[in-house]
J.: 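Structure incoming, see below.
These values consider heavy atoms only, across backbone and side chains, with no hydrogens, waters or symmetry-generated copies.
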Amino acid sequence: MIASTQYDFSNAHAIVCSFKGRSVDEYHAIIHADNAMLTFTQQLDAVTEAYGQLLSQLPGNPRAVFKRYFLSDAANQADDVEAVDVSDCAKSIVQQPPLDGTKIAMWVWMMTNVETGVATSGLYEARHGSYCHLWNGTAHNLAANSEYQMRLLFNEYVMQLAEQGCTLKDNCIRTWLFVNDIDLNYGGVVRARNQVFFTQGLTHDTHYIASTGIGGRQQDPNVLAQMDNYAVGGLQPEQVKHLYAPTHLNRTSDYGVSFERGTRVDYGDRRHVFISGTASIDNKGRILYPKDVVKQLHRIWENVEALLSEAQCNFNDVVYMIVYLRDMSDYAVVKKLYEERFPNMPYVIVLAPVCRPGWLIEMECMAVKETQSAFEPL
């Protein structure tokens, strides 16, 4: 059962969704700065202090396993985040300005009763029972172009997984690909991913990986692509299923890209459902409602509902949402619609162009639902 609670702090607030499992509880929080008039340093302090207080107030002594900082100006802010946040969890830092006018927001995923640390592979791990959850954040390099950068990122990740006894095909559940100037550089990212996936046995006839490919930049302007990723060691093949919603969406390979619309992972006590970045599209791959952000948003909700339904879930099971807008002037109407439909949901709306210019908006989310199965609990 998902419970949602708002926590108010000095100059910041957090909305938290919690799930109580047999032995591991999960929390997803979006922490927002409240006062756009403060300097970045003051807003960063407000968010990090809110996070510290939140940890002390949540039951079960949870540990952060993954954080993402959404910044308004990474070139001038990322170093400050690194200096202030010295925790050992996986950290993602990306320039995707929060559109409420503040300079910073944070998404954090927390778990109880897990052993955490940095593995020799460089991946951050959280262990419980026979499962090893593996996160990585803000991976990047300075190769010559976006295609070479993304190919090196995936090749390095394949080697890191191998060091953990895992493979890209069998254990990677979710990726996030952030592309600097996406209208220019996304093609190279797509080519690199397609090539690496083919070498790793990821094809239209096997499966791909749930993913969001979206505009976002690092503090160094020469970084054209960066990656966050999540894998789970110890899974049995039958625990993982992929979601298609063919009445609403087409296969991504129809237009030359390689990711899954969604992925579900079953444990003995819960189901995780990862919904990829989803836009206003039909089952022929066509953009629906060009230049109308409201109609596009309603179609996105319909598409996401179809994917969640395929996993026997609905929006009541969702624990966080990230909403990406191409045009900041659409924020007011989109914010109003989210406030009306999801008043208690942890979500953040950021400035981040989608991979096709005709898509004005995209959203991703994750759901957690109680289940009973023969698999080991999380």
J.: Show the atom names and distances, to 0.1 Å, of all donor-acceptor pairs under 3.5 Å that link a side chain in residues 327-334 to residues at least two apart or in another chain.
T.:
| residue | atom | partner | partner atom | Å |
| --- | --- | --- | --- | --- |
| Asp327 | OD1 | Ser329 | N | 2.9 |
| Asp327 | OD1 | Ser329 | OG | 2.8 |
| Asp327 | OD2 | Ser329 | OG | 3.0 |

J.: Report the relative orientation of the aromatic rings in Phe274 and Tyr230; use parallel for angles under 30°, tilted for 30 to 60°, perpendicular for over 60°.
T.: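 Rings of Phe274 and Tyr230: tilted, 30 to 60°.
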J.: Is Arg299 paired with Glu302 through a side-chain N to carboxylate O contact shorter than 4.0 Å?
T.: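 Yes, charged N to carboxylate O under 4.0 Å.
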J.: Taking only residues two or more places apart in sequence, or in another chain, which ones meet Arg68 in a side chain to side chain donor-acceptor pair (under 3.5 Å)?
T.: Ser92, Asp228
J.: List the residues meeting side chain to side chain donor-acceptor pair (under 3.5 Å) with Glu163, not counting sequence neighbours, and say none if there are none.
T.: Thr120
J.: Kindly indicate, with the supporting measurements, whether the criterion side-chain contact (heavy atoms from CB on, under 4.5 Å) is fulfilled by Asn229 and Asn136.
T.: CA-CA 5 Å; Asn229 42 60; Asn136 197 22; 2.9 Å; yes
J.: Using distance alone, with no hydrogens and no angle criterion, decide if Glu260 and His242 have a side-chain donor and acceptor under 3.5 Å apart.
T.: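 No, because no side-chain N or O of Glu260 sits under 3.5 Å from a partner of the opposite role on His242.
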J.: Test: salt bridge (charged side-chain N to carboxylate O under 4.0 Å, His left out). Region: residues 96-119. Which pairs qualify, not counting sequence neighbours?
T.: none
J.: What pairs meet the salt bridge (charged side-chain N to carboxylate O under 4.0 Å, His left out) rule with one or both residues in residues 178-189, with sequence neighbours excluded?
T.: Asp183-Arg326
J.: What residues form a side chain to side chain donor-acceptor pair (under 3.5 Å) with Ser253, not counting sequence neighbours?
T.: His204
J.: Which heavy atom of Gln160 sits nearest a heavy atom of Ser121, and at what distance?
T.: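 Looking at all heavy atoms of both residues, the shortest contact is NE2-O, 3.0 Å.
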J.: What's the shortest heavy-atom distance between Ala46 and Ala12, and which atoms?
T.: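 Heavy atoms only, the tightest pair is O-CB, 3.6 Å.
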J.: Applying side-chain hydrogen bond (donor to acceptor under 3.5 Å, both in side chains) as the test, list every pair that has at least one member in residues 355-367; sequence neighbours left out.
T.: Arg174-Glu364, Trp176-Glu364, Thr212-Glu364, Tyr320-Glu364, Tyr324-Glu364
J.: Is the ring pair His272/Tyr267 parallel, tilted or perpendicular, if the boundaries are 30 and 60 degrees?
T.: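 His272 and Tyr267: perpendicular rings.
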J.: Clusters formed by hydrophobic residues whose side-chain heavy atoms approach within less than 4.5 Å: which one holds Tyr244, and what are its other members?
T.: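 Taking Ile, Leu, Val, Met, Phe, Trp and Tyr as members, Tyr244 stands alone, with no cluster partners.
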J.: Cluster partners of Phe198, using ILVMFWY side-chain heavy atoms under 4.5 angstrom, listed by chain and number?
T.: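 Besides Phe198, the cluster holds no residue at all.
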J.: Please tell me whether Tyr347 and Tyr338 form a close aromatic pair, meaning their ring centres lie under 6.0 Å apart.
T.: yes
J.: For the side-chain contact (heavy atoms from CB on, under 4.5 Å) test, which of Val293, Ile349, Thr278, Val294 pairs with Ile361?
T.: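 Result for side-chain contact (heavy atoms from CB on, under 4.5 Å) with Ile361: Val293.
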J.: Mind listing the side-chain donor-acceptor pairs of residues 122-130 below 3.5 Å, one per line with the distance, residues two or more places apart or on another chain?
T.:
| residue | atom | partner | partner atom | Å |
| --- | --- | --- | --- | --- |
| Tyr124 | OH | Ala64 | O | 3.4 |
| Tyr124 | OH | Thr116 | OG1 | 3.3 |
| Glu125 | OE1 | Arg127 | NE | 3.4 |
| Glu125 | OE1 | Arg127 | NH2 | 3.3 |
| His128 | ND1 | Leu378 | O | 2.8 |
| His128 | NE2 | Ser23 | OG | 3.2 |
| Ser130 | OG | Glu376 | OE1 | 2.4 |

J.: My understanding is that a hydrophobic cluster links ILVMFWY residues whose side chain heavy atoms are under 4.5 Å apart, including indirect links. Using that, what else belongs to the cluster containing Leu71?
T.: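 In the cluster with Leu71 are Tyr7, Phe9, Val16, Tyr27, Ile31, Phe40, Leu44, Val47, Tyr51, Leu54, Leu55, Leu58, Tyr69, Val81, Val84, Ile93, Ile104, Met106, Val108, Met110.
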J.: Test of understanding: with side chain to side chain donor-acceptor pair (under 3.5 Å), list the residues that count as partners of Asn76, not counting sequence neighbours.
T.: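 Asn76 satisfies side chain to side chain donor-acceptor pair (under 3.5 Å) with Asp73 once adjacent residues are dropped.
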J.: Mind telling me whether Trp301 and His298 have parallel, tilted or perpendicular rings, with 30° and 60° as the class edges?
T.: perpendicular
